[in-house]
Amino acid sequence: MAQRSLPPTDREDEDELRDESLSLWRIAFSPIIWAAHFLLCYAGAAIWCARVGPTQGTAFLRLSVLALTLIALGLIGWVGWRALQQWRPEASTADRLHHPENRHHFLGHAAVLLSLISVVGVIYVALPALFIGTCQ
Amino acid sequence: MLRKAISPRFLRSPACLLLVLPLAACDGRQSVLNAAGQDSRQLLYLFIVMLAGAVVLWLGLNGLFLYVTRLRPQALKIHNVNWFLFGAGVLFPSVVIGALLAWGLSIMPAQRAAGDGLRIAVHAEEWWWRVEYWPKGATTPIVSANEIRFPAGSRSELHLSADTYIHSLWIPALGGKMDMIPGRTTVLTLHPDLEGFYRGQCAELCGASHALMAFQAVVMAPDDFARWLKDQAASAPPPTSPAATRGEALFRDEGCGACHTVRGTEFVGAVGPDLTHFASRGTLGAGNWQPTAENLMAWIAHADDLKPDVAMPAYDWLDPDQLADLAAYLKGLT
């Protein structure tokens with residue numbers, strides 16, 4: 001493939017986009033984990049209660065929800081921790097987003113906030129399993 | 001003085017109407033504020049705590065607003081503002097909503113707790129309620145309709161199902177709602193403890209007569225309930241007056257028995273409500289009218305005018321004497 005000659009600024013943008021692609025993914029990681037946890041818990045509970053719940057009880061189901069919740073919280077915590085390091089609140093100035101470095105920090109900031117709300121979402125999704133003792 | 005204080009203009013205004021509207025909810029027969037059972041009392045408590053919390057939050061929010069705009073209108077340090085926004089805008093609501101969610105979820109299992117013996121199967125029809133009582137150990141049900149009676153002081157299980165549409169059973173004075181879904185059985189258990197007459201209502205828009213799909217709920221002392229249930233299990237009493245006897249003949253000739261059951265007679269139809277002990281019920285047309293002779297005559301002659309889309313045809317060719325005889329027969333089904 002022939003190397004296209006780009007004006008200097010466009011080439012810089014392309015380089016930055018390549019470097020930032022992981023940051024862009026990191027923004028989406030926590031909500032994706034939240035969504036996967038939600039789907040697994042609800043679909044799992046629906047199938048369990050339709051097939052075996054009335055005879056087998058719900059102990060296995062509730063433990064599974066607990067395990068999925070711990071895994072999800074651990075993964076979101078890890079993503080959030082990495083994002084926090086990227087954010088570096090003490091060095092960030094959100095009002096100067098035309099600097100690539102600040103854009104890098106801003107993506108970390110956004111990922112931290114999304115991780116926080118994902119933690120809350122995952123806990124709310126798991127709460128019913130803590131209280132509901134039967135499939136009724 | 002009162003006439004001076006309230007101007008005629010205000011009385012004619014829409015605002016006045018809005019003030020008067022909530023008064024309609026003050027009839028305790030169908031009010032969550034008139035809790036008459038364990039489950040409704042728990043829900044009322046939840047409501048009052050949330051209402052009080054909402055008032056405190058509202059006052060706090062407006063107090064802060066007043067503080068920063070009127071009392072101390074000055075620039076705040078960005079660092080403090082950020083922490084305040086995080087604390088009051090993220091942390092506090094998450095914890096409060098989380099706590100309310102946990103509390104709400106924790107009281108749900110009690111409302112599905114196993115009953116103490118009596119099972120009542122309620123099947124929603126268009127637009128009335130088929131009711132079967134299954135006392136402990138029963139092999140055949142005691143069939144009734146459009147009225148649900150409970151013994152006070154014990155937990156009864158309601159097994160709910162529906163014919164064609166989704167309905168929802170709600171007796172606000174006794175507990176929460178539960179959907180009634182065709183092809184499925186949902187379970188609601190209620191523990192009423194105050195004797196009295198209450199009103200239930202379909203709480204899921206189901207069709208033309210959804211608003212007229214109601215019933216009377218009666219909570220009785222356990223001994224009274226046992227006696228009443230024994231009476232309900234018996235066959236219908238035979239007609240005792242000439243008018244009622246003529247009414248029974250009309251009931252046969254007009255084909256009423258093809259849809260309605262009157263146990264102990266040849267009438268065994270199962271399309272409409274069981275009428276074996278119709279006169280022992282407090283309402284006509286599923287919780288809507290007093291079962292007087294005049295109302296019965298109007299209902300038989302023009303059921304579809306009173307209740308849109310009802311399956312019962314209008315017997316408007318019967319003359320008033322015939323309608324009165326039919327009413328006399330039905331009033332004798334005690």
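Convention: sequence-line order gives letters A, B, ...; per-chain numbering from 1.
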* To do: Test side chain to side chain contact (heavy atoms under 4.5 Å, CB included) on B:L158 and B:L190 and set out the steps.
  => CA-CA 8 Å; B:L158 291 155; B:L190 292 174; 3.5 Å; yes
* Identify which part of B:I97 has an atom lying under 4.5 Å from any heavy atom of chain A, answering side chain, backbone, both or neither. => both
Do chain A and chain B have donor-acceptor pairs under 3.5 Å, and which are they?
from, atom 1, to, atom 2, distance (Å)
A:Y124, OH, B:S94, O, 2.5
A:Y124, OH, B:G98, N, 3.0
A:Q136, O, B:R112, NE, 3.1

* Passes side chain to side chain contact (heavy atoms under 4.5 Å, CB included), B:L229 versus B:I142? Steps please. -> CA-CA 8 Å; B:L229 198 59; B:I142 299 161; 3.7 Å; yes
For a quick test of reading the model, state the closest non-hydrogen atom pair linking [X] to [Y] and the distance between them.
X	Y	result
A:I27	A:A111	CA-CB, 4.0 Å
A:V125	A:C41	CG1-CB, 4.3 Å
B:I166	B:C206	O-CB, 3.7 Å

* **Heavy-atom donor-acceptor pair, A:W48 side chain to A:G57 backbone, under 3.5 Å** => yes
* **Engaged part of A:I123 at the chain B interface, taking heavy atoms whose separation is under 4.5 Å** => neither
* Under 6.0 Å from the CD1 atom of A:I117, do we count more than 12 heavy atoms belonging to anything else shown? -> no
